[in-house]
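Values reported hereafter were calculated over all heavy atoms of this structure, with side chains retained and with hydrogens, waters and symmetry mates removed.
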Amino acid sequence: MTQEHQGGSRGWFAARKGIWSRLRFTSLRLRLVVVFGLVALTAAVSASGIAYWLNRESVLTRTQDAVLRDFEKEMQNRAGALPEHPAQDELQRTAGQMANSSQRFTVLLVAENPEGQTVYGSSGGLNGFSLGDVPEALREAVTEQQPITDGNKYPHHLYWQRIVEDDTPYLVAGTRLIGGGTTGYMLKSLAPEAKDLGSLAWSLGIATGLALIGSALLAHAAATTVLKPVQRLGTAARRLGEGKLDTRLRVSGTDELADLSRTFNKAAEALEKRVADMAARDEASRRFVADMSHELRTPLTAITAVTEVLEEELEFEGGGIDPMIQPAVRLVVSETRRLNDLVENLMEVTRFDAGTARLVLDDVDVADQITACIDARAWLDAVDLDAERGIHARIDPRRLDVILANLIGNALKHGGSPVRVSVREVPATDTAGADGTDHVSGTVVIEVRDHGPGIPEEVLPHVFDRFYKASASRPRSEGSGLGLSIALENAHIHGGEITAANSPEGGAVFTLRLPRDVSATDSEGEAGDAGDEGAEGDTR
């Protein structure tokens, strides 16, 4: 297939898809037009059918009555003047005279001549109207003599019937003279009346078609009038869903659609006010946490310095601290450290919420970074590291240390040793950059697995939630409940992700995925001295 043919095929499919999409988009409009059209078609066809039937009966009845009256009059006047046994030429002459009446019908007279033979007289000649053209049932009804009763004073009556020969309608009638004698039959063509009725049918059909077209146009106009406010409402709802809370509808009229628009405007106004109130409260809450954390740092610094002195006194043999108050001093030292870590974590959380956290990128060896994290916290004996040197990544070393400290510390605290940390590299397909050169990117995957009981299934969806405790019976623990959420935020700011799952062999597995080359768009500046958050997770 040539390129031109391929382009034509794509254009045809695109045009067809566009037509179908418009049909689907205007399906309600189409349904309204179809319903209006069906109603109009039904009404027009019904009216046309009734009008045609009434006019048909009126035309045929009027013509039929006039012809039958004239035929009956001719039978009484001319056929009644014939002798009881007329001759052939008398019948023929009388039939011709009867046919010259105002209605111009064909006449057939039947009688017996003086010799007792049946003779015929037809106004149409030898090949004209004959007895074979008269239906047998009509002949029998005409010749049959009816009994004389109170309701029937004559033995013979005038009978008629409509027939169709060669697609031409005819009126056939017959009667017999009272007292015996000549029997007469009449044949009248109804072709002019049929032609008039055909013209009437065509006129009614054209009127029906015009009524259908007019109803479709009116239906389209009505559908446009009805659906335009609905479309505006749909557009406004989409804009509202996109976060444009100042969206309002223009209201005009007092109908149901206008009431719907007013209701939408009231709902949008209430939603905007509610969201604004929530945003204000959220901003005030974040500002309060940030201000509180910042204000706590100064007294905490002094308290931390004092607790360090107290801790040195506790470790010094023969110190001046009374053995009776040593447990209290140790508790103060421990809680002061915990409070200091909590304040640092809260400040870090407020930076993420405010969007002020930034990356300070550097090219690091991932294996060296993990080793430094483990060594700084004296976890070498409890952690099994499976990481080859040479896997480099451009990331923020301090934030990677925070992530690793939280994941490994959480595994040691809740899963127990040995904790296995493995590193692997997932290469990516070469992609062409904006400058025309090829850039090779990839992903660094770090898995932290413990050998503990694993994470309960109902807890898995919440392990990264802030302040989440797996057990309500232990609301207080060594961690603040912010460590894993901070680790996840640090992964997100790198463009990475952390997932938690249970290993089929037992234990929990936390998987960290980071791009090897983090975009430097948001890497200017530093998020402040967040310090070493350590392993703060408390989820199991």
Side-chain angles (χ1 to χ4, degrees), residues 56-57 59-195 197:
R56 178 179 181 274
E57 291 301 316
V59 170
L60 292 179
T61 301
R62 184 172 60 251
T63 302
Q64 173 182 293
D65 291 345
V67 171
L68 292 178
R69 282 195 304 269
D70 195 18
F71 175 67
E72 188 175 16
K73 180 180 178 182
E74 292 294 326
M75 284 293 295
Q76 291 176 354
N77 295 335
R78 298 186 182 277
L82 290 172
E84 184 177 356
H85 298 287
Q88 170 73 35
D89 56 348
E90 291 178 321
L91 286 178
Q92 190 71 29
R93 184 175 57 253
T94 303
Q97 293 174 350
M98 294 175 62
N100 289 328
S101 68
S102 61
Q103 295 299 325
R104 299 294 179 180
F105 43 71
T106 304
V107 178
L108 173 66
L109 298 178
V110 182
E112 289 184 0
N113 61 10
E115 289 79 16
Q117 298 175 342
T118 302
V119 292
Y120 302 92
S122 175
S123 62
L126 296 177
N127 297 324
F129 183 36
S130 65
L131 195 62
D133 296 327
V134 180
E136 183 178 357
L138 181 62
R139 294 200 305 265
E140 292 177 355
V142 169
T143 58
E144 184 179 359
Q145 186 173 350
Q146 302 294 329
I148 303 299
T149 62
D150 294 338
N152 182 34
K153 297 181 180 181
Y154 306 103
H156 298 285
H157 297 274
L158 176 65
Y159 297 95
W160 60 271
Q161 183 177 347
R162 295 173 190 164
I163 62 174
V164 178
E165 292 290 340
D166 297 330
D167 297 329
T168 302
Y170 293 93
L171 175 65
V172 182
T175 186
R176 188 172 185 178
L177 294 177
I178 299 173
T182 304
T183 301
Y185 296 97
M186 179 273 301
L187 179 67
K188 171 66 175 179
S189 173
L190 299 178
E193 287 75 12
K195 184 178 180 180
L197 292 175

Drop me the distance from [X]'s [atom1] to [Y]'s [atom2], to the nearest 0.5 angstrom.
| X | Y | atom1 | atom2 | result |
| --- | --- | --- | --- | --- |
| K188 | L68 | NZ | CG | 11.5 Å |
| F71 | L187 | CZ | CG | 10.5 Å |
| I163 | L190 | CD1 | CG | 9.5 Å |
| Y120 | Q92 | OH | CD | 13.5 Å |
| M186 | E72 | CE | CD | 11.0 Å |
| Q161 | R139 | CD | CZ | 11.0 Å |

Heavy-atom pair with the smallest gap, counting every atom of [X] and [Y]:
| X | Y | answer |
| --- | --- | --- |
| P86 | V119 | O-CG2, 4.0 Å |
| M75 | G184 | CE-N, 3.6 Å |
| R162 | T61 | NH2-N, 4.3 Å |
| L108 | S122 | CD1-CB, 4.0 Å |
| S123 | A95 | CB-O, 3.5 Å |
| F105 | M98 | CE1-O, 3.6 Å |

Exercise for the section: Report the residue from L109, V110, V107 that forms a side-chain contact (heavy atoms from CB on, under 4.5 Å) with Y185. Expected result: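 The residue from L109, V110, V107 that satisfies side-chain contact (heavy atoms from CB on, under 4.5 Å) with Y185 turns out to be V110.
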Problem - Any donor-acceptor N/O pair, T118 side chain to E112 backbone, under 3.5 Å - result: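 No, because the side chain of T118 does not come within donor-acceptor range (under 3.5 Å) of the backbone of E112.
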Exercise for the section: Count the heavy atoms of every other residue, nucleotide or ligand shown that sit under 6.0 Å from CG of D65, and state whether that count exceeds 12. Expected result: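 Yes - once you tally the heavy atoms of other residues, nucleotides and ligands closer than 6.0 Å, there are more than 12.
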Handout entry: Whether over 12 other heavy atoms sit under 6.0 Å from E115 CD
Key =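 Enclosed: over 12 neighbouring heavy atoms sit under 6.0 Å from CD of E115.
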Handout entry: Stepwise side chain to side chain contact (heavy atoms under 4.5 Å, CB included) check, Y170 with D133
Key = CA-CA 11 Å; Y170 293 93; D133 296 327; over 6 Å; no
Handout entry: E90 vs P83 side-chain heavy atoms within contact, under 4.5 Å
Key =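 Side-chain contact under 4.5 Å: yes.
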Problem - With R78 via salt bridge (Lys or Arg N to Asp or Glu O under 4.0 Å) - residues at least two apart - result: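 E74.
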